[in-house]
Amino acid sequence: MQNINEIKKFAVEIRKETIKCIGNLGVGHIGGALSIVDVLAVLYSGVMNVDPKDPKKDDRDMLVVSKGHAGPAVYAALALKGYFPTEMLDTLNKPGTSLPSHCDMNRTPGIDMTTGSLGQGASSAMGIACGNRLKGYDNYTYLIIGDGEAEEGQVWEAAIFAHAKKLSKVIAFVDYNKCQIDDYVEDLCAMGDIAGKFESFGWYAQNVEDGNDVEQILSAIANAKAQDERPSAIILNTVKGKGYSKIEGFLGSHNMPVSAEMVEEALAELCIQEKEIGE
């Protein structure tokens with residue numbers, strides 16, 4: 001496990017590469033990609049048992065990013081970890097690419113499940129967890145879903161199943177950035193107490209006050225891993241577009257044009273943030 005400042009710097013690097021690859025394309029799901037960067041930085045800094053040199057190893061921990069439109073952030077993390085050259089990020093969603101706009105396990109090294117049809121990744125994660133247990137593996141299945149996505153009934157069907165089967169090796173994160181494609185979550189279809197909902201479905205649930213704070217994320221994961229019979233849900237109170245002040249909390253950042261000037265502006269901000277982290 002890297003130290004806290006190293007993880008924070010890794011998050012900055014993921015944000016830089018995410019913004020650059022979306023900017024190179026000129027448009028993309030930048031807001032919801034940036035909001036999950038910190039949990040990705042934590043997971044790929046030693047929490048997950050993975051090996052970039054052997055991305056398909058049988059007993060690896062697995063990650064399902066059900067909000068598959070956040071793929072650019074996942075690709076940036078994978079590239080920086082050595083799953084493939086960072087130069088590949090320039091091909092995001094271009095003809096012949098191995099990096100489509102949404103996660104694709106058949107095209108991208110390190111992607112464990114194809115996602116993008118919202119809600120379905122939750123069910124996939126439960127199937128993966130069941131399969132790994134049947135094979136005798138003691139690995140974890142991590143799941144990231146969006147807050148708007150959590151309005152899908154399939155998410156809660158998966159939640160019922162996970163509790164019924166005592167899938168204690170499942171840790172799900174809800175990216176609670178308060179925005180979805182059509183409106184603010186509160187105004188469109190308010191989710192209320194998300195942690196309480198998971199608890200009522202038999203899960204161990206935690207609210208992380210600052211879901212973009214790596215120390216709080218690490219602490220929540222440690223608590224989740226102490227559960228031996230229940231799946232765990234971690235509600236991350238995040239900021240859509242986190243790291244680039246111009247779009248932080250901006251509803252329209254779900255999928256938006258990103259100009260060369262915006263990339264330059266964002267990278268300048270991130271360089272300042274990196275310097276402020278320290279050693």
Side-chain angles (χ1 to χ4, degrees), residues 1-3 6-7 10-11 14 36-68 70-71 73-85 88 98-99 102-116 120-145 158-159 161-174 202-204 206 214 217-234 236:
M1 175 69 69
Q2 296 172 310
N3 68 38
E6 287 175 335
I7 299 173
F10 184 35
I14 296 173
I36 67 165
V37 163
D38 303 287
V39 67
L40 290 174
V42 167
L43 291 174
Y44 284 105
S45 289
V47 167
M48 287 201 302
N49 172 27
V50 293
D51 183 359
K53 296 178 181 177
D54 187 11
K56 293 290 188 181
K57 74 170 186 167
D58 291 339
D59 64 344
R60 70 189 184 279
D61 289 338
M62 300 181 76
L63 172 64
V64 178
V65 182
S66 190
K67 45 173 286 180
V74 185
Y75 302 153
L78 292 172
L80 289 166
K81 290 301 291 184
Y83 281 84
F84 49 83
M88 273 181 58
S98 295
L99 306 177
H102 292 59
C103 297
D104 189 328
M105 64 187 290
N106 296 310
R107 300 171 72 176
T108 312
I111 296 294
D112 292 316
M113 178 52 63
T114 300
T115 55
Q120 293 183 6
S123 295
S124 298
M126 304 318 151
I128 288 170
C130 277
N132 284 333
R133 185 166 66 183
L134 287 170
K135 293 174 185 175
Y137 301 145
D138 191 35
N139 56 349
Y140 280 88
T141 301
Y142 295 93
L143 168 68
I144 300 177
I145 64 175
F161 179 86
H163 174 253
K165 300 302 180 182
K166 297 184 178 180
L167 298 180
S168 61
K169 295 294 185 177
V170 168
I171 299 178
F173 302 94
V174 178
W203 289 49
Y204 173 67
Q206 304 170 79
V214 301
I217 296 169
L218 280 165
S219 177
I221 292 172
N223 292 338
K225 287 191 171 183
Q227 303 300 307
D228 58 5
E229 290 196 352
R230 292 190 289 170
S232 292
I234 299 173
L236 300 174

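In this chain, numbering begins with 1 at the start of the sequence shown.
- Between Glu229 and Ser168, the shortest heavy-atom contact is N-CB, 3.7 Å.
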> Checking side chain to side chain contact (heavy atoms under 4.5 Å, CB included) for the pair Ile234/Asn223: CA distance, chi angles, key distance, verdict?
Replying inline: CA-CA 10 Å; Ile234 299 173; Asn223 292 338; over 6 Å; no

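- Closest heavy-atom contact between Val42 and Val214: CG2-CB, 3.7 Å.
- Side-chain contact between Ile36 and Val65 is present, with at least one heavy-atom pair separated by less than 4.5 Å.
- Going from atom NZ of Lys56 over to atom CE of Met105 covers 5.0 Å, rounded to the nearest 0.5 Å.
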>> Test side chain to side chain contact (heavy atoms under 4.5 Å, CB included) on Tyr140 and Ile221; report intermediate values, then the result.
In response: CA-CA 11 Å; Tyr140 280 88; Ile221 292 172; over 6 Å; no

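- For the residue pair Gly121 and Leu143, the shortest heavy atom distance occurs at O-CD1, 3.8 Å.
- Rounded to the nearest 0.5 angstrom, Ile144 CD1 and Leu63 CG are separated by 5.0 Å.
- With rounding to the nearest 0.5 angstrom, the CG atom of Leu40 is 8.0 Å from the CE atom of Met48.
- For the pair Ile111 and Leu78, the minimum side-chain heavy-atom distance is below 4.5 Å.
- Side-chain contact check for Tyr75 versus Phe84: some heavy-atom pair is nearer than 4.5 Å.
- Across all their heavy atoms, Ile171 and Ala224 have their closest contact at CD1-CB, 3.8 Å.
- Asn49 places no side-chain N or O within 3.5 Å of a backbone atom of Asp61 that could act as its donor or acceptor partner.
- Looking at Gln227 and Trp203, their side chains never come closer than 4.5 Å, going by heavy atoms from C-beta outward.
- Test Asp54, Asp51, Asp112 against Arg60 for salt bridge (charged side-chain N to carboxylate O under 4.0 Å, His left out) and you get one pass: Asp112.
- Checked by atom type and distance alone, the side chain of Thr141 never pairs as donor or acceptor with a backbone atom of Val170 at under 3.5 Å.
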>> Set out, in order, the CA-CA distance, both residues' side-chain angles and the distance that settles side chain to side chain contact (heavy atoms under 4.5 Å, CB included) for Met62 and Asn132, then state yes or no.
In response: CA-CA 10 Å; Met62 300 181 76; Asn132 284 333; 3.6 Å; yes

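- In this structure, Gly110 and Pro55 approach most closely via the heavy-atom pair N-CB, 4.1 Å.
- Atom NZ of Lys165 is surrounded by 12 or fewer heavy atoms from other residues, nucleotides or ligands within 6.0 Å.
- Atom CD1 of residue Ile7 and atom OH of residue Tyr44 lie 14.5 Å apart, to the nearest 0.5 angstrom.
- Counting heavy-atom neighbours within 6.0 Å of Lys81 NZ, excluding the residue itself, gives a total above 12.
- Put simply, the side chain of Thr115 never gets that close to the backbone of Lys67: no donor and acceptor are under 3.5 Å apart.
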> Could you go step by step and tell me if Cys103 and Thr108 meet the side chain to side chain contact (heavy atoms under 4.5 Å, CB included) rule?
Replying inline: CA-CA 8 Å; Cys103 297; Thr108 312; over 6 Å; no

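- The structure places NZ of Lys169 at 10.5 Å from OG of Ser232, a figure rounded to the nearest 0.5 Å.
- Between atom CD1 of residue Ile128 and atom OG of residue Ser123 there is a gap of 11.0 Å, rounded to the nearest 0.5 Å.
- Residues Gly202 and His163 come closest through the heavy atom pair O-CD2, 3.1 Å.
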